[in-house]
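Since the structure comes first, as structure tokens, the remarks are kept for the end.
Computed from a predicted structure; not experimentally measured.
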Amino acid sequence: IQRHRQHRSEMKKSTLLLFIACLCLASACTNFLITKGASEDGSNMITYAADSHTLYGALYHYPRGRHAPGSMRQIHDWDTGKYLGEIPEAEETYNVIGNMNEFQVAIGETTYGGRHELEHQPGAIMDYGSLIWVSLQRSKTAREAIHWIDTLSQRYGYYSEGESFSIMDKNEVWIMEIIGKGAFEKGAVWVARRVPDGYVCAHANQARIQTFPLNDPENCMYSPDVISFARKRGYFSGPDAEFSFSDTYYPVGFEGARGCEVRAWSFFNRVSRGMDRYLNYVQGYNLTNRMPLWVRPTHKISVNQTMNLMRDHLEGTWFDFRKDVGAQAYEMPYRWRPLTWTHQGRKYVNERSTATQQTGWSFVAQARSWLPDQIGALLWFGVDDTASTVYAPMYAAMNEVPQSWSTSSGKIMEFSFHSAFWVFNMVTNFAYQRYSLIHPEIEVKIAEYENKFFELVRQEDQHAAELHRWNPAQAIRDVTEFSVTQGERLTKGWLEFWKYLFMKYMDGNVKTPNPGHQNPHVQWPGYPKATYDRIVAETGDHYLVH
């Protein structure tokens, strides 16, 4: 009997680890959190790549508003659009652009899933997307946002799987992890930890908060039943001080380390020292060698570097996947889904980097305490693959968004040349064919745009802040015009860039202008030497000229 019980326990554990491993590889988002003491200009920053094969990349806008008593708000699941119910609307709601509001509060997320029996909560209304945008519309600080995520989840039920949230304002940066109680109870359990100033944090589809201080409300908050619920369900039986949220509600498995934690590790590895000691953990070989929740960087991190960190493909690390046959001839750092595959009865996994082909949109949000809130709240927003996007400056107080970036600009199955999402996808997907040949030109063009934007924002900040002193409404109109103009110019400019790349690289050759002649210069670059070496190794004398 004891042997039978042990076998059943091991089977349950194996099933859970298999479930969460598959979920980690199906989920696909990445967040970096940078405190003001770790940033070059003293701003708090969070990043978010919203990765989904069915997400249309658009910049959302929820206008500021006042609502009559008794007004109700419909709630739809962000992932599917399914109607979940309605909740009372707040008397006043704040302006939200993308994932940032006019008071410099920003929220990002990554889904980790967690225990499958906690996944579905009958009658629940609040999905994670609705929690983000409803909380942004009601919060002036990060702590208020945490309050609303908790309150709404407990009052109306938590509809989604386990989530990690990045939450910041102009003074603080927090990581919050939450999971529902399934059909057992209404609501959710959660822990939120404040990232110490001068440090950086990250999460990528794997719960990361382990043990946490139980009596430090200035730096750590949690639901009152986060431990007792685990005890009740039989997930935990030790002393409270040894309770680990991650190990209890989402035990890390091979793919959780290799496909998820590796993205946090790569970020830490590029900004701090000593991350080699955790290499065997993110390889999936030693799952007890967990990384710290945050690290202190060796240098101050600029907004430009933050953008480039979002473009990471694990280059130069043990995981660099640009050289094997999967990269094809031109060192393409992407692998088409699925991420796991089987060969002769053995299961294999492709690497998963921060930059990935299925990103719908991403951002770098800056909260700048030295400016008025409506000027300091700045969302650097991009669509499609982070490695090929341009982050355009969008002030979170603006009262409209560029048409080509709006939700009405297109759909995931409706193509439009007037859509930023589709225009950027045209450039990116064309470059995938011969990545090492074409993508360097994209990098140069990205730098041209973003360097220009940095200077334009510096000028606009100065102008709008001065204007805000005597006419805040005019300042908002000014930053709106600025952001809309830059967004529309970028879409048009990127379409012209696609035309240029297509003409230059079509048909496998490289064409360049030949002034004074009818025909351009034409080069036939062929394939890299490594590809020819592989062809000969695989085919022998089949192609040998006799």
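The CH2 atom of Trp190 lies 15.0 Å from the CD1 atom of Ile179; values are rounded to the nearest 0.5 Å. In this structure, CG in Asp385 is found 11.0 Å from OG1 in Thr354, a value given to the nearest 0.5 Å. Once rounded to the nearest 0.5 Å, the distance linking CD1 of Ile46 with OG1 of Thr306 reads 12.0 Å. In this structure, Asp276 CG and Thr317 OG1 are separated by 10.0 Å, a value rounded to the nearest 0.5 Å. Summarising the geometry, atom CG belonging to Asp51 is positioned 5.0 Å from atom CD belonging to Gln358; distances are rounded to the nearest 0.5 Å. Considering CG of Asp384 and CE of Met426, their distance stands at 11.5 Å, rounded to 0.5 Å.
When atom types are taken as modelled, the side chain of Asn205 and the backbone of Thr111 share a donor-acceptor pair closer than 3.5 angstrom. A distance-only check finds no donor-acceptor pair linking the side chain of Gln121 to the backbone of Lys186 [under 3.5 Å]. Judged purely by atom type and a 3.5 angstrom limit, Thr248 uses its side chain to pair as donor or acceptor with the backbone of Ser244. For Arg231 (side chain) and Gly238 (main-chain N/O), a donor-acceptor pair under 3.5 Å exists by modelled atom type. With hydrogens and angles ignored, the 3.5 Å screen pairs no side-chain donor or acceptor of Asn31 with any backbone N or O of His203. A donor-acceptor pair under 3.5 Å links the side-chain atoms of Ser39 to the main chain of Gly42, judged by distance alone. Looking at Asp150, its side chain never comes within 3.5 Å of a backbone N or O of Ile146 through a donor-acceptor pair. Between the side chain of Ser139 and the backbone N or O of Ser135, at least one donor-acceptor pair lies under 3.5 Å. The main-chain N or O of Val105 is found under 3.5 Å from a side-chain atom of Asn101 such that the two form a donor-acceptor pair. Formation of a donor-acceptor pair under 3.5 Å by the Tyr249 side chain with backbone atoms of Val226 is found in this model.
Looking at heavy atoms from C-beta onward, Tyr391 lies out of side-chain contact with Phe453 at the 4.5 angstrom threshold. Side-chain contact between Leu214 and Ile227 is present, with at least one heavy-atom pair separated by less than 4.5 Å. Counting heavy atoms from C-beta outward, Thr47 and Ser362 have side chains that stay 4.5 Å or more apart. Ile97 has its side chain out of reach of Phe381: every pair of non-hydrogen atoms, C-beta onward, lies at least 4.5 Å apart. Side chains of Tyr158 and Lys181 form no contact here, defined as non-hydrogen atoms less than 4.5 Å apart. Contact of the Met275 side chain with the Ser266 side chain is not registered, since no non-hydrogen atoms from C-beta on lie closer than 4.5 Å. At least one side-chain heavy atom of Asn304 sits under 4.5 Å from a side-chain heavy atom of Glu450. For the pair Met310/Thr389, no side-chain contact is recorded, criterion being any heavy-atom separation below 4.5 Å from C-beta on.
Checked against the 6.0 Å centroid threshold, Tyr48 and Phe363 count as a close aromatic pair. Ring centroid separation for the pair Phe454 and Trp380 comes in under the 6.0 Å cut-off. When ring centroids are compared, Phe321 and His313 stay outside the 6.0 Å threshold. In summary, the aromatic rings of Phe245 and Phe212 are positioned with their centroids too far apart to meet the 6.0 Å limit. You'll find the ring centres of Trp361 and Phe424 outside the 6.0 Å limit. The distance between the ring centers of Phe319 and Trp265 falls below 6.0 angstrom.
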Candidate pair Glu185 and Lys232, rule salt bridge (charged side-chain N to carboxylate O under 4.0 Å, His left out), full reasoning: CA-CA 11 Å; Glu185 297 178 25; Lys232 190 184 305 182; 2.9 Å; yes

side-chain contact (heavy atoms from CB on, under 4.5 Å) between Phe165 and Ile132, worked out: CA-CA 9 Å; Phe165 290 115; Ile132 289 174; 3.7 Å; yes

Residue pair Thr356, Thr386: steps toward the side-chain contact (heavy atoms from CB on, under 4.5 Å) verdict: CA-CA 7 Å; Thr356 185; Thr386 56; over 6 Å; no

Audit row: Arg335, Asp324, salt bridge (charged side-chain N to carboxylate O under 4.0 Å, His left out) steps and yes/no: CA-CA 11 Å; Arg335 295 295 182 273; Asp324 63 61; 2.9 Å; yes

Verdict with supporting geometry, Gln104 and Gln366, side-chain contact (heavy atoms from CB on, under 4.5 Å): CA-CA 8 Å; Gln104 309 206 55; Gln366 273 193 290; over 6 Å; no

side-chain contact (heavy atoms from CB on, under 4.5 Å) between Leu33 and Tyr199, intermediate numbers included: CA-CA 9 Å; Leu33 302 79; Tyr199 285 74; over 6 Å; no

Salt bridge (charged side-chain N to carboxylate O under 4.0 Å, His left out) evaluation trace for Asp127 with Lys82: CA-CA 10 Å; Asp127 69 291; Lys82 177 184 176 181; over 6 Å; no

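Counted by atom type alone, Trp336 and Asn350 present zero donor-acceptor pairs between their side chains at under 3.5 Å.
The environment of Arg534 atom CZ is dense: over 12 non-hydrogen atoms of other residues, nucleotides or ligands sit within 6.0 angstrom. Counting non-hydrogen atoms of neighbouring residues, nucleotides and ligands closer than 6.0 angstrom, the CZ atom of Phe430 exceeds 12 such neighbours. Around atom NE2 of His343, no more than 12 heavy atoms belonging to other residues, nucleotides or ligands sit under 6.0 Å away.
Between Cys220 and Val191 the shortest heavy-atom distance is SG-CG1, 4.3 Å. Closest heavy-atom contact between Phe268 and Leu293: CZ-O, 3.8 Å. Shown here for Leu131 and Ser153, the closest heavy-atom pair between the two residues is CD1-OG, 3.5 Å. Closest non-hydrogen pair, Ser43 versus Arg368, comes out as CB-CG, 3.8 Å. When every heavy atom of His299 is checked against every heavy atom of Arg270, the shortest pair comes out as CE1-O, 4.2 Å. Here the closest heavy-atom approach between residue Ala257 and residue Val252 is recorded as N-CG2, 3.8 Å.
A salt bridge links Arg143 with Glu172: the closest approach of a Lys/Arg side-chain nitrogen to an acidic carboxylate oxygen falls below 4.0 angstrom. Here Arg208 does not pair with Glu177 in a salt bridge; the nearest charged N to carboxylate O distance is not below 4.0 Å.
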Distance-only criterion, 3.5 Å: show the donor-acceptor pairs between side-chain atoms of residues 278-288 and protein atoms not counting sequence neighbours.
from: Asn280; atom 1: OD1; to: Asn289; atom 2: ND2; distance (Å): 2.9
from: Tyr281; atom 1: OH; to: Glu261; atom 2: OE2; distance (Å): 2.7
from: Tyr281; atom 1: OH; to: Arg290; atom 2: NE; distance (Å): 3.1
from: Asn286; atom 1: OD1; to: Thr288; atom 2: N; distance (Å): 3.3
from: Asn286; atom 1: OD1; to: Thr288; atom 2: OG1; distance (Å): 2.7

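The aromatic rings of Trp133 and Trp78 stand perpendicular to each other, their planes meeting at an angle above 60°, with 30° marking the opposite boundary.
With sequence neighbours left out, the salt bridge (charged side-chain N to carboxylate O under 4.0 Å, His left out) criterion links Asp79 to no other residue.
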